[in-house]
Asks: 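Sharing a structure, written as structure tokens. Questions coming.
The structure presented is a predicted model; accordingly, all values stated were derived computationally and were not measured.
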Amino acid sequence: MSGLDAFVGEREVSSPEAMEDLGRSLGAALRPGDLVVLTGPLGAGKTTLTRGIAASLDVRGRIQSPTFVIARTHPALGDGPALVHVDAYRLGTDGELDDLDIDFAHSVVVAEWAAPFAAAVADTWWEVEIDRGWSGTGVDNACGTAGPHAAAMEDAAPRQVRISRRP
């Protein structure tokens, strides 16, 4: 495994910029063969964290949620590993993750929503769980009733991030 042992534990991440900075720090410690499983609700910061990882790995391409393509490979611009960004939300079985034919051994793989499938493709992996904090407005903005100001407050609320080594 890589040097992510230093990151194991829980921390509060105060902003999207801080989430991206955490990703840069994680990315500097990741090595080919590392699998990072991201878990958290929509809007928690999974893709923002991945942008930071990508910046540290110095890979090509804009990092965006791979929802409609399931997996997107970002080749290294230098001698480092490629980054494979996976969205496993629509996968039904671990076999479908394996069917993506990802080069796990030579890439850094960041897989959103892949916790149920990780054991099928790796003996060990890193799990990053992001809990979306709430600003305390007390307004349910999921139904669009809060207006743009309250929604922005919820988006800016701190996140709780737990990093662990699995299994």
Asks: What do you reckon, is CG of Asp123 surrounded by more than 12 foreign heavy atoms closer than 6.0 Å?
Replies: no
Asks: When you measure from the side chain of Arg159 to the backbone of Ala44, do you find a donor-acceptor pair of N or O atoms at a distance under 3.5 Å?
Replies: yes
Asks: Taking all atoms of both residues into account, what is the closest heavy-atom pair of Glu127 and Ala115, and its distance?
Replies: OE2-CB, 3.9 Å
Asks: Any side-chain to backbone donor/acceptor pair from Lys46 onto Gly40? Under 3.5 Å, distance only.
Replies: yes
Asks: Tell me whether Arg162 is salt-bridged to Asp131, with the criterion being a basic N under 4.0 Å from an acidic carboxylate O.
Replies: yes
Asks: Leu57 and Gly27: which non-hydrogen atoms are nearest, and at how many Å?
Replies: CD2-O, 3.6 Å
Asks: Answer yes or no: is there a donor N or O on one side and an acceptor on the other, between the side chain of Arg132 and the main chain of Pro41, under 3.5 Å?
Replies: no
Asks: Supply the atom-to-atom distance Met19 CE to Ile130 CD1, rounded to the nearest 0.5 angstrom.
Replies: 4.0 Å
Asks: Does the side-chain hydrogen bond (donor to acceptor under 3.5 Å, both in side chains) test come out yes or no for His85 and Glu112, once each step is laid out?
Replies: CA-CA 8 Å; His85 188 194; Glu112 299 182 23; 2.7 Å; yes
Asks: Minimum heavy-atom separation for Ala88 and Trp113, please, with both atom names.
Replies: CB-O, 3.7 Å
Asks: Going from CG on Leu35 to OG1 on Thr124, what distance comes out if it is rounded to the nearest 0.5 angstrom?
Replies: 8.5 Å
Asks: Taking side chain as C-beta onward, heavy atoms only, is Ile70 less than 4.5 Å from Leu91?
Replies: yes
Asks: Do the charged groups of Asp21 and Arg24 touch, with an N to O distance under 4.0 Å?
Replies: yes
Asks: Can you tell me how far apart CG (Leu30) and OG (Ser56) are? Round to the nearest 0.5 Å.
Replies: 8.0 Å
Asks: Quick one: are His74 and Ile63 in side-chain contact, heavy atoms under 4.5 Å?
Replies: yes
Asks: Can you tell me how far apart CD1 (Ile102) and CG (Leu97) are? Round to the nearest 0.5 Å.
Replies: 5.5 Å
Asks: Does the Arg165 side chain pair with the main chain of Trp126, one donor and one acceptor, at a distance under 3.5 Å?
Replies: no
Asks: Say you draw a straight line from CZ of Arg60 to OG1 of Thr73; how long is it, rounded to the nearest 0.5 Å?
Replies: 10.5 Å
Asks: Taking CZ in Arg11 as the centre, count heavy atoms belonging to other residues, nucleotides or ligands within less than 6.0 Å. Is the count above 12?
Replies: yes
Asks: Distance from Ser164 atom OG to Phe7 atom CZ, nearest 0.5 Å?
Replies: 14.5 Å
Asks: What's the shortest heavy-atom distance between Ala28 and Arg31, and which atoms?
Replies: O-NH1, 3.1 Å
